[in-house]
Amino acid sequence: MSDTVNRQILLVEKPTGKLGPEHFKMVKGAVPEPKDGEALVRTRYISLDAANRAWMHGATYRAAVEANTVMAGGGIAEVVSSKAPGFSKGDIVFSSDTGWQDYAVVPAKHLTKMPDVEPMTHLLSVYGIAGLTAYFGLLHVGKPREGETVVVSAAAGSVGSIVGQIAKIKGCNVIGIAGGKDKCHWLTSELGFDAAVDYKDGATFKALRAAAPKGIDVYFDNVGGDILEACLSLMNNRGRIACCGAISQYDGVPSAHGPRGVPGLIVVKRLTMQGFIVMDYMDQSAAALADLQSWVASGKLKVQEDVIDGIENTPKALIGLLAGENRGKRMVRV
Ligand code: NDP
């Protein structure tokens with residue numbers, strides 16, 4: 001591998017405002033050699049996640065991303081050479097941190113061998129973190145019952161589009177919140193949502209109240225802030241809020257704000273508001289994957305992917321995701 005170049009994208013500076021292309025730089029380094037217990041992998045697909053931006057703020061469920069290091073990110077990769085028991089050349093693996101680079105050396109404990117799935121991109125979307133987050137967050141935290149009203153924000157994104165479809169499979173009345181008329185139309189006409197609210201149109205609370213005349217039983221929150229505040233006021237007694245993420249607070253927001261109504265509305269309406277991290281449920285992933293596979297096979301669950309070509313386009317792809325360019329799971333093919 002000595003002649004092969006490893007293209008790497010560094011985060012050169014942590015953004016204080018909005019993330020821009022100036023915060024990244026591409027360099028060419030050497031391909032690293034694995035030590036005992038490690039494998040050298042070649043990145044095939046880099047996962048683009050809203051959380052990539054949150055990691056720049058500081059430590060979350062993982063360490064913060066630091067300036068002048070390879071930008072962190074998970075992905076699907078192929079083992080090139082291995083000194084790790086259980087992994088051999090040609091294996092397809094998921095790693096939560098291959099980073100934004102062609103090649104990475106990864107300890108075996110951070111690699112998961114993946115089954116042969118066609119197309120391979122489904123390993124990052126419906127059968128990856130996005131699908132499992134939607135599944136566990138909705139069914140184990142939100143606990144929707146047939147006939148209830150479920151609202152999901154960032155509904156046209158990777159997690160949200162799956163949440164809404166699973167809620168439909170479970171017999172719920174489903175409302176998606178997304179940015180723009182086209183995305184809202186797509187949710188109702190293609191994905192089977194009962195209604196969609198365009199939060200960029202202003203008056204989100206009014207539109208949501210009209211779409212959910214019987215109130216909200218489960219709110220799957222991907223965004224926090226004002227949308228969470230609007231949903232809180234419309235929750236029914238004993239409703240459940242599954243706190244999945246807070247995109248509205250990730251990129252260039254000077255100080256996190258909202259929602260008002262906490263804890264007052266939680267007390268009066270006897271609400272349960274619970275955060276979760278998908279990794280906590282990994283011991284139950286086989287059952288979740290079996291359900292997801294059967295729903296995909298029967299056509300009940302549509303998989304939407306947004307694949308961008310070229311490692312050099314990864315910064316633009318993340319900036320665009322934060323601005324709402326994507327429909328479904330965004331990733332970069334390396
Ligand atoms: P998505 O594919 O959902 O893309 C992000 C979407 O967020 C954009 O397309 C955009 O769509 C929307 N958005 C951006 N800014 C705002 C805003 N200010 N208000 C409302 N919507 C906004 O990304 P991910 O699937 O990566 O992330 C979805 C959520 O899931 C995130 O909160 C993430 O942190 C969380 N997550 C949590 C996990 C867990 O274990 N708890 C695991 C994985 C993800 P639009 O055009 O509609 O604005």
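Sequential numbering from 1 along the given sequence is applied to the chain's residues.
The nearest pair of heavy atoms linking A230 to L208 is CB-CD2, 4.4 Å. Considering all non-hydrogen atoms of both residues, L187 and A178 come closest at CD1-CB, 4.0 Å. When all heavy atoms of G176 and A155 are compared, the pair lying nearest together is CA-CB, 3.6 Å. Here the closest non-hydrogen pair linking S125 and V303 is OG-CG1, 3.6 Å. Of all the heavy atoms in G225 and Q249, the pair that sits closest is CA-NE2, 3.6 Å. Residue A317 comes nearest to L48 through the heavy atom pair CB-CG, 4.1 Å, listed as atom of the first residue, atom of the second, then distance.
Summarising the geometry, atom CG belonging to N237 is positioned 10.0 Å from atom CG belonging to D217; distances are rounded to the nearest 0.5 Å. We find the CG-CE distance between N326 and M331 to be 10.5 Å, quoted to the nearest 0.5 Å. To the nearest 0.5 angstrom, E33 atom CD is 7.5 Å from L40 atom CG. For the atom pair K214 NZ and L234 CG, the distance stands at 15.0 Å (nearest 0.5 Å). Atom CZ of residue R7 and atom CD1 of residue I9 lie 8.5 Å apart, to the nearest 0.5 angstrom. Distance check: T98 OG1 to I46 CD1 gives 6.5 Å after rounding to the nearest 0.5 Å.
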Next item on the list: Go through the steps for C244 and T133 under the test side chain to side chain contact (heavy atoms under 4.5 Å, CB included), then give the verdict.
Entry: CA-CA 8 Å; C244 178; T133 301; 3.5 Å; yes
Between L292 and I166, is a side chain to side chain contact (heavy atoms under 4.5 Å, CB included) present by the stated rule, with each step listed?
-> CA-CA 9 Å; L292 291 166; I166 297 177; 4.1 Å; yes
**Report entry** Evaluation steps, salt bridge (Lys or Arg N to Asp or Glu O under 4.0 Å), between E148 and R240
**Finding:** CA-CA 11 Å; E148 286 190 328; R240 285 83 65 203; 2.6 Å; yes
**Item:** Criterion side chain to side chain contact (heavy atoms under 4.5 Å, CB included) on F220 and V159, from CA distance to verdict
**Value:** CA-CA 10 Å; F220 191 105; V159 175; 3.8 Å; yes
query = Can M120 and I92 be said to form a side chain to side chain contact (heavy atoms under 4.5 Å, CB included), step by step?
reply = CA-CA 9 Å; M120 192 190 279; I92 296 297; 3.8 Å; yes
Notebook entry, point to check: D194 and K168: salt bridge (Lys or Arg N to Asp or Glu O under 4.0 Å), yes or no, with the steps?
Noted result: CA-CA 9 Å; D194 297 285; K168 278 312 300 174; 2.7 Å; yes
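A salt bridge (Lys or Arg N to Asp or Glu O under 4.0 Å) with D306 holds for exactly one of R327, K329, R330; it is R330.
One side chain, N173 or T149, offers a donor N or O that lies under 3.5 Å from an acceptor on the other. H185 and E190 share no side-chain donor-acceptor pair at under 3.5 Å. Counting only N and O atoms by type, the side chains of S95 and D97 include no donor and acceptor under 3.5 Å apart. For the residue pair Y219/S153, the side-chain donor-acceptor check at 3.5 Å is satisfied. Using a 3.5 Å distance cut-off with no hydrogens or angles, the side chains of S161 and Q304 do not pair a donor with an acceptor.
Both V223 and V151 sit in one connected hydrophobic cluster of ILVMFWY residues. Membership requires side-chain heavy atoms under 4.5 Å apart, directly or through other members. Hydrophobic clustering (ILVMFWY, side-chain heavy atoms < 4.5 Å, transitive): V105 and I76 are in distinct clusters. The hydrophobic clustering, which links ILVMFWY residues whose side-chain heavy atoms are closer than 4.5 Å, places I169 and I175 apart. Hydrophobic clustering places V174 together with V163 (ILVMFWY residues linked when any side-chain heavy atoms are closer than 4.5 Å, directly or through intermediates). Hydrophobic clustering (ILVMFWY, side-chain heavy atoms < 4.5 Å, transitive): M235 and I177 are in one cluster.
For D182, the CG atom counts as loosely surrounded, since its 6.0 Å shell holds 12 or fewer non-hydrogen atoms of other residues, nucleotides or ligands. The 12-atom threshold is exceeded at CG of D309, counting heavy atoms of other residues, nucleotides or ligands nearer than 6.0 Å. Within 6.0 Å of the NZ atom in K269, the count of heavy atoms belonging to other residues, nucleotides or ligands exceeds 12. In this structure, K14 places its NZ atom where more than 12 heavy-atom neighbours from other residues, nucleotides or ligands lie under 6.0 Å away. In the displayed structure, R62 atom CZ is contacted under 6.0 Å by more than 12 heavy atoms of other residues, nucleotides or ligands. Other residues, nucleotides and ligands contribute at most 12 non-hydrogen atoms within 6.0 Å of the CD atom of E146. With a 6.0 Å radius and a threshold of 12 heavy atoms from other residues, nucleotides or ligands, K89 has its NZ atom at or below the threshold.
Between P315 and P21 there is no side-chain heavy-atom pair separated by less than 4.5 Å. Counting heavy atoms from C-beta on, the side chains of Q293 and Y127 come closer than 4.5 Å. Residues M56 and M71 are in side-chain contact: their nearest non-hydrogen atoms beyond the backbone lie under 4.5 Å apart. Side chains of V41 and V93 form a contact here, defined as non-hydrogen atoms less than 4.5 Å apart. Using a 4.5 Å heavy-atom cutoff, the side chains of S88 and V79 are not in contact. You'll find the side chain of L132 reaches within 4.5 Å of the side chain of L289, heavy atoms only. At a threshold of 4.5 Å between non-hydrogen side-chain atoms, the residues C184 and V197 do not count as touching. Using a 4.5 Å heavy-atom cutoff, the side chains of L191 and K302 are in contact.
N6 contributes a side-chain N or O that, together with a main-chain N or O of Y103, makes up a donor-acceptor pair within less than 3.5 Å. Of the possible polar contacts, none joining the D49 side chain to the N52 backbone as a donor-acceptor pair under 3.5 Å is found. A distance-only check finds no donor-acceptor pair linking the side chain of S285 to the backbone of Y281 [under 3.5 Å]. D291 places no side-chain N or O within 3.5 Å of a backbone atom of A288 that could act as its donor or acceptor partner. Under a 3.5 Å cut-off, the side chain of K113 and the backbone N or O of G86 do form a donor-acceptor pair. When atom types are taken as modelled, the side chain of D251 and the backbone of L19 share a donor-acceptor pair closer than 3.5 angstrom.
Between E38 and K83, no side-chain nitrogen of the basic residue sits less than 4.0 Å from a carboxylate oxygen of the acidic one, so the salt-bridge criterion is not met.
In this pair, W100 and F24 present their aromatic rings parallel. The plane angle is below 30°, not in the 30 to 60° band. Using cut-offs of 30° and 60° for the angle between ring planes, the Y135 and H140 rings count as tilted.
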